[in-house]
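Beneath this line is the structure, given in structure tokens, with notes to follow.
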Amino acid sequence: MARKGRRATFEEKVFALRLLEQGMSPDRVAEALGVGRESIFRWKRQARAGVSFPS
């Protein structure tokens with residue numbers, strides 16, 4: 001379950017994207033990092049759009 005109020009670090013976001021590229025499902029990535037699955041999808045959209053992550 002995601003931990004409310006916790007902000008993911010830049011490194012965690014990059015790690016999440018790498019896990020997705022390796023074929024891990026967004027649900028498993030979210031679970032592994034302790035974030036909501038919506039965050040994973042948002043980070044993926046931002047990366048595709050070329051938006052940089054706030055640190």
Side-chain angles (χ1 to χ4, degrees):
M1 177 179 254
R3 291 170 269 172
K4 283 197 167 209
R6 183 179 98 61
R7 296 192 140 238
T9 65
F10 175 81
E11 290 79 13
E12 288 173 314
K13 293 174 184 181
V14 171
F15 183 59
L17 294 172
R18 288 187 180 147
L19 291 174
L20 292 170
E21 287 175 355
Q22 293 174 3
M24 187 179 278
S25 74
D27 288 328
R28 292 204 51 206
V29 173
E31 183 180 334
L33 293 176
V35 299
R37 66 190 298 267
E38 296 82 12
S39 296
I40 301 300
F41 287 111
R42 183 175 60 249
W43 301 341
K44 188 176 178 180
R45 277 193 314 273
Q46 289 172 335
R48 284 187 177 166
V51 176
S52 61
F53 296 121
S55 37

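One is the number of the first residue; the rest follow in order along the sequence.
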Across all chains, not counting sequence neighbours, the side chain to side chain donor-acceptor pair (under 3.5 Å) partners of Arg42 are Ser39

Applying side-chain contact (heavy atoms from CB on, under 4.5 Å) to Arg48 and not counting sequence neighbours gives Lys44

Phe41 reachable from Val51 in the ILVMFWY side-chain graph, under 4.5 Å edges:
no

Between CG of Leu17 and CD of Glu12, what distance do you get to the nearest 0.5 Å?
12.0 Å

Can you give each donor-acceptor pair under 3.5 Å made by side-chain atoms of residues 20-29, sequence neighbours left out, with the distance rounded to 0.1 Å?
unit_1: Ser25; atom_1: OG; unit_2: Arg28; atom_2: N; d: 3.1
unit_1: Asp27; atom_1: OD1; unit_2: Arg37; atom_2: NE; d: 2.6

